[in-house]
Q: 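Dropping the structure in here first, questions after.
Here the structure is a predicted model, which means the values were calculated and not measured. Each ligand, and each atom within it, is numbered from 1 in the order the structure gives.
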Amino acid sequence: MNVMLHLGLGAFHRAHQAVYLHELIQSGDSRWSLAGGNTRPDSPELIQALADQGGAYTLETISPAGEHRYTRITSIQNIIPWSADLAGLIAQGARPETKIISFTVTEAGYYLDAANRLDLATFADLRTDLDAARAGQAGPTIYAALTALLRARMRSGAGPVTLLNCDNLRHNGERSRAGLLQFIGLVGDGELLAWVQNNTTSPNAMVDRITPRPTPDVRERVQAATGVDDPAALMGESFIQWVIEDHFAAGRPAWEAVGVEMVDSVDAYEEAKIRLLNATHSAIAWAGTLRGYTYIHEGTHDADIRKIAFDYVTDDVIPVLDTPEQPCPIDLPAYRDVVLDRFGNPAIRDTNQRVAMDGFSKIPGFIAPTFRQRLARGESIASVAMLPALFLAYLQRWHAGQIPYTYQDQAMDPAVAHAICASSDPVAALCADRPLWGDLAGDARLVAALRDASQRVAAFIG
Ligand SMILES: NC(=O)c1ccc[n+]([C@@H]2O[C@H](COP(=O)([O-])OP(=O)(O)OC[C@H]3O[C@@H](n4cnc5c(N)ncnc54)[C@H](O)[C@@H]3O)[C@@H](O)[C@H]2O)c1
Ligand SMILES: OC[C@@H](O)C(O)[C@H](O)CO
C-alpha cells in the first residue's frame, strides 16, 4: 500500500484531499491511503477523536439547492499524534511506502516575502525553527518539519518523494519549495539540500471547496441524519475542484478517475481562483463585518457589497487575466457568477471571522498582483483599491476593539498594525508597508487610489 502523508489535519484536508482518495478507494482502487498529523499542537481533542475512530469521520455536504449528503470518509487510515519532536511524522515520512508528503498549513504558514525570500526579519517562529534545525531538531513550521522528515528519509534510503502543497498560495509548489530550499541552505546541510533537489518534486496545485469551521450544529445534524455521534464531523459545500500539475517523483493515485484535473500548468486555474474567489471572499468578509453581518452569505446578498466584489472582478481582474496576447482558457465572467452564487448559499453559514483571517498574508498574495499588473499597463486601479481600503477600515475597527470576534492573523506584526492605525495618515502608512506591497510600497498611484477608495468605504460604512 502506498501512503500519502499529510501535514496539517485541518478541516480542509478532511473535506478535500481525503475525499478524493476516499472516492478512489470506494471505486475499487485501494493502492493508496492517507496518514496524517499536525506539526503544531493544534486541536488535540479533534486529533484524539479521529484517532479513536480509526481516522474515519462523517462529512456533510450542502448543495446550492440545499441538498444535504452525508458520507463516512475512511481514507485516512493512520492518525499520527503530535509530539514536539514530530517523531511519528518523521518515522512515517522515512518509510518507503510514503510516496507523497502533502500539506495544508494556511497561507500564513510560508513566511515568504514578495520576492519569495524567507522573511526571517518579520517572523520569530521561523527564526526559532531555524535555530532548532541547526541543532538537528524538528520544529512546527512547515520548513523545519519537512527538513526533519526529509533528512530522516534521505538517511533511511526510502527514495524520492513528492511534496504536494494544498494551500491557497500562488504557485504553491514552487513557492514552498523555494522556501524549503532556502531554509535547508540556511541550516547549512549541503548533503540534504542536494538530496532534496534531486529526489523531490513540488507540483503546483489549485484546490477548491469552501469548508467552514465545524460548529456543534454540524455534529447534531450528522447524528440526526446518520444516528452516529461524531465529534470529528464536518461540513463543506458540494462544489469541489482540484487541479494538479502532473509532476510526481514516486507515483500518485489515479486521481483522474475521480475527477481531479491533471494538467501541465495550473497557472490559469490558480490565478482565476486566487483573484476571483479568494480575494473576493476576503473583501466580502471585511465589508460584511463592517456592515455588522456574521456570515459570508449575508454580505454576498447585500447589494453594495456584491457590487464592490462584482466591480473588482469585472473592471480590474478579468481584463488582466484574459488578454488578446494570452487568452484565458476559463470563462471568467461565468466563473465570477458561480463564485458569487457559492458565497451566497445560506446553508453553508461560513463566517466572516474565518474568511477575514490572515489579512496581512492575503493582501500580498491575493490582491497586490492585480495592482502591479494594472499599473504596469497604465490602467485604473479604482475598483481593486476598494479591497485594501476595506481591509484598512476593518483593521482600524479591530484596533479600536470594535470587531465582534477575535481577529486571527498569523502574518500580522501587532506593532506594525498599531503603527498603521495610530498614524496621522493611515492610508499612507498602510501603503508604505513592504511586506504587504513589496516593490509597490509607497507608490504615489497606490496611495492616491487608496485615499479615494477609503472615502468610498467611509460612505459605505455610514
Ligand atoms: N477551509 C477552506 O475553505 C479552504 C479551501 C481551500 C483551501 N484551503 C487551504 O487550507 C488551509 C487550511 O484551512 P482549514 O480549513 O483546514 O483550516 P483549519 O484551521 O481547520 O486547519 C489549519 C491547519 O493548519 C495548521 N497550521 C496553521 N498554521 C500553521 C503554521 N503556521 N505552521 C504549521 N501548521 C499550521 C494547523 O495545525 C491545522 O492543521 C487554508 O488556509 C487554505 O490555504 C482552505
Ligand atoms: O477564501 C477563504 C478560503 O478558505 C476559501 O474558503 C477556499 O479557498 C475555497 O476553496
Q: Looking at Gly8, which atoms of ligand 1 are within less than 4.0 Å of one of its heavy atoms?
A: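 This gives 39 (O) as the contact atoms.
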
Q: Quick test: of every protein heavy atom, which one is nearest to atom 17 (O) of ligand 1, and how far off is it to 0.1 Å?
A: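 The protein heavy atom lying closest is Ala11 N, 4.5 Å.
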
Q: Pull out every atom of ligand 1 sitting under 4.0 Å from any heavy atom of Leu9, numbered as shown with elements.
A: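 With Leu9 as reference, the close atoms of ligand 1 come out as 39 (O).
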
Q: Within the 4.0 Å heavy-atom shell around Asp42, which atoms of ligand 1 are there?
A: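 Those atoms are 36 (C), 37 (O).
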
Q: In the protein, what heavy atom is nearest to atom 38 (C) of ligand 1, and what distance, to one decimal place, separates them?
A: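 Scanning the protein heavy atoms, the shortest distance from atom 38 (C) of ligand 1 goes to Asn38 OD1, 3.9 Å.
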
Q: Salt bridge or not for Arg213 and Asp350, using N-O below 4.0 Å?
A: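 The answer is no: the pair does not qualify as a salt bridge.
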
Q: Only heavy atoms of Gln410, strictly under 4.0 Å: list the atoms of ligand 1 that pass.
A: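 Those qualifying, in numeric order: 27 (C), 28 (N), 29 (C), 30 (C), 31 (N).
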
Q: Would you kindly specify which portion of Asn168 sits under 4.0 Å from ligand 1, judged on non-hydrogen atoms: side chain, backbone, both or neither?
A: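 The answer is both, backbone and side chain.
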
Q: Look at ligand 1 and say whether Tyr111 reaches it with a heavy atom at a distance under 4.0 Å.
A: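 The answer is yes: ligand 1 sits under 4.0 Å from a heavy atom of Tyr111.
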
Q: For a distance cut-off of 3.5 Å, show me each N or O of ligand 2 paired with any protein N or O, plus the separation.
A:
residue  : atom   : partner : partner atom : Å
ligand 2 : 1 (O)  : Asn278  : ND2          : 3.1
ligand 2 : 1 (O)  : His281  : ND1          : 2.8
ligand 2 : 4 (O)  : Arg354  : NH1          : 2.9
ligand 2 : 6 (O)  : Arg354  : NH2          : 2.7
ligand 2 : 8 (O)  : Asn168  : ND2          : 2.8
ligand 2 : 8 (O)  : Lys273  : NZ           : 2.5
ligand 2 : 8 (O)  : Asn278  : ND2          : 2.8
ligand 2 : 10 (O) : Asp208  : OD1          : 2.5
ligand 2 : 10 (O) : Arg209  : N            : 3.0
ligand 2 : 10 (O) : Lys273  : NZ           : 3.0

Q: What I want to check is whether the side chains of Gln410 and Glu107 have a donor and an acceptor closer together than 3.5 Å.
A: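 Glu107 and Gln410 do not have a side-chain donor-acceptor pair below 3.5 Å.
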
Q: Not counting sequence neighbours, list each pair that qualifies as a ring pair (Phe, Tyr, Trp, His ring centres under 6.0 Å) and has a residue in residues 102-127.
A: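 Counting only pairs at least two positions apart or across chains, the ring pair (Phe, Tyr, Trp, His ring centres under 6.0 Å) contacts touching residues 102-127 are Tyr111-Phe123.
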
Q: Would you call Asp217 and Arg221 a salt bridge, using N to O less than 4.0 angstrom?
A: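 Yes, charged N to carboxylate O under 4.0 Å.
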
Q: To which protein heavy atom is atom 15 (O) of ligand 1 closest, and what is the distance rounded to 0.1 Å?
A: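 Sorting protein heavy atoms by distance from atom 15 (O) of ligand 1 puts Phe12 N, 3.5 Å first.
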
Q: Which residue owns the protein heavy atom closest to atom 29 (C) of ligand 1, what's the atom, and how far is it?
A: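 Looking at atom 29 (C) of ligand 1, the protein heavy atom closest to it is Val105 O, 3.3 Å.
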
Q: Can you tell me if Thr61 and Arg69 form a side-chain donor-acceptor pair at under 3.5 Å?
A: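 Short answer, no.
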
Q: To the nearest 0.1 Å, how far is atom 30 (C) of ligand 1 from its closest protein heavy atom, and which atom is that?
A: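 Looking only at protein heavy atoms, the one closest to atom 30 (C) of ligand 1 is Arg40 NH1, 3.6 Å.
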
Q: Does Arg170 come within less than 4.0 Å of Glu270, counting only side-chain N to carboxylate O?
A: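 Glu270 and Arg170: not salt-bridged.
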
Q: Below 4.0 Å, non-hydrogen atoms only: which portion of Pro140 touches ligand 1? Side chain, backbone, both or neither.
A: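 The backbone, only.
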
Q: Ignoring angles and geometry beyond distance, decide whether Asp208 reaches within less than 3.5 Å of ligand 1 through its nitrogen or oxygen atoms.
A: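 For ligand 1, there is no N or O atom that lies under 3.5 Å from one belonging to Asp208.
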
Q: Kindly assign one of parallel, tilted or perpendicular to the pair Tyr407 and Trp398, based on the angle between their ring planes and the thresholds 30° and 60°.
A: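 Correct class here is perpendicular.
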
Q: Which heavy atom of the protein is the closest neighbour of atom 22 (C) of ligand 1, given with residue, atom name and distance?
A: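 Answer, as residue, atom name and distance: Thr106 CG2, 4.1 Å.
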
Q: Test of understanding: with side chain to side chain donor-acceptor pair (under 3.5 Å), list the residues that count as partners of Tyr394, not counting sequence neighbours.
A: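 By the side chain to side chain donor-acceptor pair (under 3.5 Å) rule, Tyr394 matches Tyr405.
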
Q: Write out the residue and atom name of the closest protein heavy atom to atom 3 (O) of ligand 1, then the distance separating them to 0.1 Å.
A: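 Here the closest protein heavy atom is Thr211 N, 2.9 Å.
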
Q: What atoms of ligand 1 come within less than 4.0 Å of a heavy atom belonging to Thr39?
A: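 What qualifies from ligand 1 is 33 (C), 34 (N).
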
Q: Closer than 4.0 angstrom, basic N to acidic O: yes or no for Asp230 and Arg219?
A: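 The answer is no: the pair does not qualify as a salt bridge.
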
Q: With a cut-off of under 6.0 Å to the ring centre and 45° to the axis, is Arg72 in cation-pi contact with Tyr57?
A: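 No, Arg72 does not lie over the aromatic ring of Tyr57.
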
Q: For Asp119, what residues pass the side chain to side chain donor-acceptor pair (under 3.5 Å) criterion, not counting sequence neighbours?
A: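 In terms of side chain to side chain donor-acceptor pair (under 3.5 Å), with neighbours along the sequence ignored, Asp119 is linked to Thr122.
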
Q: Of the choices Asp167, Thr141, Thr104, Asn165, which has the non-hydrogen atom that lies closest to atom 11 (C) of ligand 1?
A: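 Looking at heavy atoms only, the winner is Asp167.
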
Q: Check contact between His16 and ligand 1, using heavy atoms of the residue and a distance below 4.0 angstrom.
A: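 Under 4.0 Å: no for His16.
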
Q: Which of the listed options, Glu107, Arg209, Met206, holds the heavy atom that is closest to atom 41 (O) of ligand 1?
A: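 Result: the heavy atom closest to atom 41 (O) of ligand 1 is in Glu107.
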
Q: Atom 2 (C) of ligand 1: which protein heavy atom is closest, and how many Å away?
A: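 Its nearest protein heavy-atom neighbour is Arg354 NH1, 3.4 Å.
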
Q: Any salt bridge between Asp358 and Lys362, counting N to O under 4.0 Å?
A: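 So Asp358 does not pair with Lys362 through a salt bridge.
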
Q: With the threshold set at 4.0 Å, does a side-chain nitrogen-carboxylate oxygen contact exist between Asp246 and Arg252?
A: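 Counted as a salt bridge, because a side-chain N and a carboxylate O are separated by less than 4.0 Å.
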
